[in-house]
**Q** 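Here's a structure for you.
Order of listing sets the numbers, starting from 1, for every ligand and every atom in it. Since the structure is predicted, the reported quantities are computational estimates derived from the model, not experimental observations.
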Amino acid sequence: MPKKILILGACGQIGTELTLALRARHGAEAIIATDIREGQVELMASGPFSVLDATDFRAVEKIVQDHKVEEVYLMAAMLSATAEKSPSRAWELNMNSLFHVLELARQQQFAKLFWPSSIAVFGPSTPKDNTPQYTVTEPTTVYGISKLAGEGWCSYYHRKHGVDVRSLRYPGLISWKAEPGGGTTDYAVEIYHEALAKGQYECFLREQTRLPMMYMEDAIRATLELMEAPATRVTIRNSYNLGAMSFTPAEMAESIREHLPGFRIGYRPDFRQEIAASWPERIDDSKAREDWGWEPRYTLQDTTREMLTRLRDRL
Ligand code: AKB
């Protein structure tokens with residue numbers, strides 16, 4: 001019998017592709033996808049799905065027990081921009097959902113946990129270029145504070161209770177299957193949709209705002225590689241820095257112009273500019289490379305080519 005894997009937050013930007021990738025690897029029936037609401041057609045048709053609130057401890061415990069779950073991926077979270085608008089709801093969702101699964105793992109109700117962290121754990125006092133694994137972490141957003149606290153709890157549960165919890169500090173993620181929602185890096189997905197639909201885009205960040213980014217296929221592969229690595233290779237139990245590329249909105253627009261020469265971009269920075277300005281520009285992910293062999297594949301040019309081709313095919 002294949003091991004049963006539970007995904008909480010399966011309908012979000014990462015959850016959607018993670019669910020499909022895990023189903024391709026382990027078989028549809030082995031993956032129990034859950035979310036607070038139903039997701040897109042491809043995901044819903046791909047295998048078992050239950051509506052589940054990740055902050056409801058009893059409901060999560062029941063599904064773990066009913067399916068004899070061995071691994072959990074907790075992908076439910078409120079992202080940076082939305083969290084600034086609802087700080088207490090963001091804290092409740094981001095922290096309580098994590099506590100619940102850490103507790104169930106401590107009670108040995110399942111064996112292995114993945115929890116996503118973010119470049120948002122860093123703040124304005126962090127070195128921006130080649131941000132090291134170990135450095136100042138003074139986040140200035142609600143989301144970043146919750147991710148930093150979560151990292152602390154992950155390493156605590158590992159040290160004190162031997163919980164096999166693994167985590168990545170994702171950069172901004174670029175995907176075509178599912179759209180992001182409520183993040184500061186979302187412009188890097190919106191821009192492709194608008195480039196194809198209207199030939200122009202108004203960006204909510206300034207043109208020279210450089211941020212670390214990654215194509216979703218790399219992010220999913222990183223997640224699976226970390227989860228499949230032998231426990232002895234996983235020396236970091238709060239969260240690994242993870243990098244791939246780094247660019248500004250102006251550079252992204254330039255890469256789109258190589259395919260759509262008439263594409264135009266304008267800039268109208270909003271409150272997300274301040275969030276982006278507090279984050280690193282480029283990440284040093286040498287610990288992930290050393291420990292479990294991380295190697296990104298997609299550059300900005302690859303990403304632009306893939307995004308435009310895939311989105312065009314879907315039109
Ligand atoms: C966000 O913009 O909030 C996220 C992230 C960098 O964690 N994409």
Side-chain angles (χ1 to χ4, degrees), residues 9 11-18 73-87 89-91 93-95 97-98 114-124 126 128 131 137 139-151 154 167-193 203-206 209-220 222-223 238-249 252 269-283 285 288 296 298 303 307:
C11 299
Q13 187 196 13
I14 313 175
T16 299
E17 297 211 26
L18 183 64
Y73 291 74
L74 169 56
M75 310 312 288
M78 199 182 286
L79 298 188
S80 56
T82 315
E84 288 306 296
K85 293 182 182 154
S86 307
R89 275 188 46 227
W91 183 257
L93 170 61
N94 294 0
M95 300 315 301
S97 58
L98 176 60
F114 178 82
W115 177 77
S117 186
S118 161
I119 53 165
V121 296
F122 301 115
T126 304
K128 278 198 175 301
T131 303
T137 43
T140 48
T141 62
V142 173
Y143 174 64
I145 295 168
S146 76
K147 287 296 177 188
L148 185 61
E151 286 191 6
C154 288
S167 175
L168 296 170
R169 288 172 177 157
Y170 290 124
L173 297 179
I174 303 172
S175 61
W176 57 273
K177 279 192 189 161
E179 286 182 38
T184 301
T185 58
D186 293 8
Y187 91 84
V189 177
E190 286 173 13
I191 194 170
Y192 292 112
H193 288 267
C203 186
F204 56 75
L205 298 184
R206 289 205 188 99
T209 311
R210 183 173 299 281
L211 286 169
M213 298 274 184
M214 181 176 285
Y215 189 53
M216 185 60 86
E217 204 171 299
D218 269 348
I220 299 297
T223 309
N238 53 346
S239 195
Y240 277 96
N241 278 9
L242 188 72
M245 53 186 149
S246 165
F247 54 79
T248 64
M252 192 167 213
D270 66 15
F271 72 101
R272 289 169 282 192
Q273 176 60 39
E274 195 184 328
I275 301 178
S278 77
W279 288 351
E281 293 186 346
R282 203 155 53 93
I283 292 289
D285 60 4
Y298 285 82
T303 303
M307 287 294 289

**Q** Can you list the atoms of ligand 1 that are under 4.0 Å from a heavy atom of G183?
**A**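 Going through ligand 1 atom by atom, the ones under 4.0 Å from G183 are 1 (C), 2 (O), 3 (O).
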**Q** At less than 4.0 angstrom from any non-hydrogen atom of T184, what atoms of ligand 1 do you find?
**A**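 What qualifies from ligand 1 is 1 (C), 2 (O), 3 (O).
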**Q** Grab the two heavy atoms, one from L18 and one from T223, that are nearest each other, plus how far apart they are.
**A**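 L18 and T223 have their closest heavy atoms at CD1-CG2, 4.1 Å.
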**Q** I'd like to know if the side chain of E151 pairs up with that of S167 as donor and acceptor (distance under 3.5 Å, no hydrogens or angles considered).
**A**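 There is no such pair (donor and acceptor under 3.5 Å, judged by atom type) between the side chains of E151 and S167.
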**Q** Step by step, work out the side-chain hydrogen bond (donor to acceptor under 3.5 Å, both in side chains) result for T141 and S80.
**A** CA-CA 7 Å; T141 62; S80 56; over 6 Å; no
**Q** Need the ligand 1 atom indices (1-based, order shown) with element for anything under 4.0 Å from a heavy-atom of L79.
**A**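 Contacts of ligand 1 toward L79, numbered from 1: 3 (O).
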**Q** Start with the C-alpha gap between I14 and I220, add the side-chain angles, then the distance that decides, and say whether side chain to side chain contact (heavy atoms under 4.5 Å, CB included) holds.
**A** CA-CA 8 Å; I14 313 175; I220 299 297; 4.1 Å; yes
**Q** Using a strict cut-off of 4.0 Å, indicate which atoms of ligand 1 neighbour a heavy atom of W279.
**A**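 Matching atoms, with element in brackets: 1 (C), 2 (O), 3 (O), 6 (C).
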**Q** Any idea which atoms of ligand 1 are less than 4.0 Å away from a heavy-atom of Y143?
**A**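 Here the atoms of ligand 1 in question are 3 (O), 5 (C), 7 (O).
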**Q** Under the rule for side-chain hydrogen bond (donor to acceptor under 3.5 Å, both in side chains), what residues qualify as partners of E84, not counting sequence neighbours?
**A**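 Listed in chain order: nothing, the list is empty.
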**Q** Do P124 and T140 have side-chain heavy atoms sitting under 4.5 Å apart?
**A**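 Yes, close enough: below the 4.5 Å cut-off.
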**Q** Looking only at distances, please establish whether an N/O atom of ligand 1 is found under 3.5 Å from an N/O atom of S118.
**A**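 Checking ligand 1 against S118, an N or O pair does fall under 3.5 Å apart.
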**Q** Identify, for atom 8 (N) of ligand 1, the protein heavy atom at the shortest distance, and state residue, atom and that distance.
**A**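 The closest one turns out to be T185 OG1, 2.9 Å.
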**Q** Do any N/O atoms on S80 end up under 3.5 angstrom from N/O atoms on ligand 1?
**A**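 So ligand 1 has an N or O lying under 3.5 Å from an N or O of S80.
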